[in-house]
Amino acid sequence: MSTALGNAVAPELPPDPRLAELRAELGDAVRVDAEALDAARADKSGQVSRTRPLAVIEATTVEQVQATMRFATAHRIPVVPRGAGTGLAGAAIGGAGELVLSVRGMDRILEVSVDDELAVVQPGVLNGELNAQLAERGLWWAPDPASKAISTVGGNIATNAGGLLCVKYGVTREAVLGLRVVLADGRLLSMGHRSVKGVTGYDLTALMVGSEGTLGVVVEATLRLQPLPRGGVATISAAFPTVELAARAASDIMARGVRPAIMELLDASALEAIGDYLDLDLGGRGAQLLVQTDGSGAEAEADQAVAIIRSLGGEAEVTSDRAEGERLFDIRRCFHPAMEARGTVLIEDVAVPRSALPAMFAAIQRIEATYGISIPTVAHAGDGNLHPNFVFARGGAETIGGDVPEQIWAAADELFLACLRLGGTLTGEHGIGLLKKRWLRDELGDDGFALQKQLKQVFDPLGILNPGKVF
Ligand SMILES: Cc1cc2nc3c(=O)[nH]c(=O)nc-3n(C[C@H](O)[C@H](O)[C@H](O)COP(=O)(O)OP(=O)(O)OC[C@H]3O[C@@H](n4cnc5c(N)ncnc54)[C@H](O)[C@@H]3O)c2cc1C
């Protein structure tokens, strides 16, 4: 697929005559109007395909998904599964000759079992909507991306989404018991179980989680729920003179057995950008660490964390007011829009072992100095997962939106190699998509890369599911 970053005007093409067959079966669910086609050219990564897809299928039933895949198989037409399109890796965008299969309209909660602590849902339900309904029953689904209000459960599953609370409550893979998946040829396959335990056969559910729409279309999910955490929260806001000290504090807090529910780190340029965006005075400090502890031991754990913070030269303030804590994390959640307000963004997602967090921040500073650029970075520090952002000038329409400058790719390349040397991984939660596939082989090695491609062929022998993404 040919893509660019930023906005671009795609040429209008006449509808593909083969679509008449699909229209006869699915009617108005097959959209070829400019509004639908243009929306499907982009996600939130900044990537935009240069050409419109053939059509967007707005499926509302499993049968419609199956009919789409049977049609695509018969005609060898590529299909891009799509939820809410909030992905940050360019994995949900459709382009020339492709169908985009949106399951956003399949948004029903089919069952909630309090006794078994599980929910059965369709893929298009938004994470935040599901959790609002579960809260009435004293339950929640733990995956907690900062995009929870706007991203779908199916998208969270397909990207193995993480988020703020995942440091204590786990990422998506730990919260999915079973799936129903439509395969490339239209067959419907059930995998996984409703029981807490289950090891029958290979764990296809785990394989599907994080597969970025390349192995099948998730049409139903059985989710593992947790009781809502009881007791209060304590939220620490700590300012540090340098980002390395803040990173060391985060690493030490975990190493000494404290289990924060959330631990987020913002470096100086991230604070400055958010401050500008919200018109708040956040500048003038080297870094900020936000820590929240919860449950019956919240205060004692907060005391331990504060002692570690102060021993490393941090200045900490603590509040037990839940609303004030939420206000601080809402400021953190503004990082992405604050970056978008500055230009075109290439957002990275490296993850390192927690003890390597200070070294990874030091590597980012070295790369900033080498290339003469600023790389504002926030981190889910308790998970060792960093989001360094490269921001560059928007291009004009004539340049089709300003592709990533070579200097930025070179800096990103150094960043990934530094991460891999520290025992880390290319992506902690956003996925490979289009943006990181150039480094996939570096991490997997030749044999691992070849084996993964073979696995893809088993599920999708014609290569019609989200081709060009991941591999
Ligand atoms: C402001 C902001 C904050 C964010 N914060 C976080 C964060 O904290 N943590 C995090 O992990 N991510 C975060 N994200 C990224 C994004 O929200 C997640 O990746 C999310 O899981 C994508 O869900 P979606 O419904 O938008 O999926 P889409 O973007 O539509 O699709 C993403 C991928 O999933 C595939 N897919 C979608 N639905 C299905 C399905 N039913 N079956 C098969 N494949 C499917 C697509 O093909 C694509 O590969 C953030 C994004 C934004 C804009």
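Indexing begins at 1, ligand by ligand and atom by atom, following the structure's order. Computed over heavy atoms, backbone and side chain alike; hydrogens, waters and symmetry mates excluded.
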Taking NZ, NE, NH1 and NH2 as the nitrogens, is one of them in D38 or R41 under 4.0 Å from a carboxylate oxygen of the other? yes
Of the side chain and backbone of K469, name the one, both, or neither that has a heavy atom under 4.0 Å from an atom of ligand 1. neither
Students should be able to answer this: which protein heavy-atom is nearest to atom 9 (N) of ligand 1, and at what distance? E429 OE2, 3.0 Å
Yes or no: does D43 have any heavy atom under 4.0 Å from an atom of ligand 1? no
Criterion side chain to side chain donor-acceptor pair (under 3.5 Å) on T427 and D349, from CA distance to verdict: CA-CA 5 Å; T427 170; D349 176 38; 2.5 Å; yes
May I ask you to list the atoms of ligand 1 that are less than 4.0 angstrom from any heavy atom of L88? 14 (N), 15 (C), 50 (C), 51 (C)
N/O separation below 3.5 Å, G83 to ligand 1: yes
Side chains of D460 and T214 only: does a donor on one sit below 3.5 Å from an acceptor on the other? no
I want to confirm something. Looking only at heavy atoms, which of H336, H387, R333 is nearest to atom 1 (C) of ligand 1? H336
Shortest protein heavy-atom distance from atom 43 (C) of ligand 1, along with the residue and atom involved: G216 O, 3.4 Å
Quick one: does G428 get within less than 4.0 Å of ligand 1, heavy atoms only? no
Option whose closest heavy atom lies nearest to atom 42 (N) of ligand 1, chosen from V218, V219, V103: V218
Does any N or O of ligand 1 fall below 3.5 Å from an N or O anywhere on G87, backbone included? yes
What I want to find out is whether K437 reaches E212 closely enough, with some N-O distance under 4.0 Å, to be called a salt bridge. no
Sub-6.0 Å ring centroid separation between H387 and H430: yes
Can you pull out the closest protein heavy atom to atom 31 (O) of ligand 1? Residue, atom name and distance to 0.1 Å, please. A92 CB, 3.5 Å
Between E264 and R332, does at least one N-O distance fall below 4.0 Å, as a salt bridge requires? yes
Closest protein heavy atom to atom 2 (C) of ligand 1, given as residue, atom name and distance to 0.1 Å: S147 CB, 3.9 Å
Hey, is ligand 1 close enough to D144 that some N/O pair sits below 3.5 Å? no
Does a side-chain N-to-carboxylate-O contact under 4.0 Å join E326 and R333? yes
N or O pair under 3.5 Å between A84 and ligand 1: yes
Trace of the side chain to side chain donor-acceptor pair (under 3.5 Å) decision for T235 with Q292: CA-CA 4 Å; T235 309; Q292 187 166 79; 2.8 Å; yes
What are the atoms of ligand 1, with element, lying closer than 4.0 Å to any heavy atom of A146? 3 (C), 5 (N), 6 (C), 7 (C), 8 (O)
So, regarding S151 and ligand 1 (criterion: nitrogen or oxygen to nitrogen or oxygen, under 3.5 Å), is there a contact or not? no
Suppose we call two aromatic rings close when their centres sit under 6.0 Å apart. Are Y277 and F335 close by that rule? no
If hydrogens are left out, which of C334, G213, P81 has an atom nearest to atom 47 (O) of ligand 1, that is, the closest non-hydrogen atom? P81
Say whether T86, considering both its backbone and side-chain N or O atoms, lies within less than 3.5 Å of an N or O atom on ligand 1. yes
Backbone or side chain, does any N or O of V217 fall under 3.5 Å from an N or O of ligand 1? no
Is there a donor-acceptor pair under 3.5 Å between the side chain of E98 and the backbone N or O of G95? yes
As a test of understanding, state which of L282, T377, L290, I331 forms a side-chain contact (heavy atoms from CB on, under 4.5 Å) with L266. L290
Whether N156 lies under 4.0 Å from ligand 1, heavy atom: yes
Side-chain donor or acceptor of N466 paired with backbone N/O of K469 under 3.5 Å: no
Just jot down the ligand 1 atoms closer than 4.0 angstrom to any heavy atom of P123, in number order. 41 (N)
Report the part of E212 (side chain from C-beta onward, or backbone N, CA, C, O) that has a heavy atom under 4.0 Å from ligand 1; answer both or neither where that applies. both
In this structure, are over 12 heavy atoms from other groups packed under 6.0 Å from K44 atom NZ? no
Contact atoms of ligand 1, heavy-atom distance to N466 under 4.0 Å: 47 (O), 49 (O)
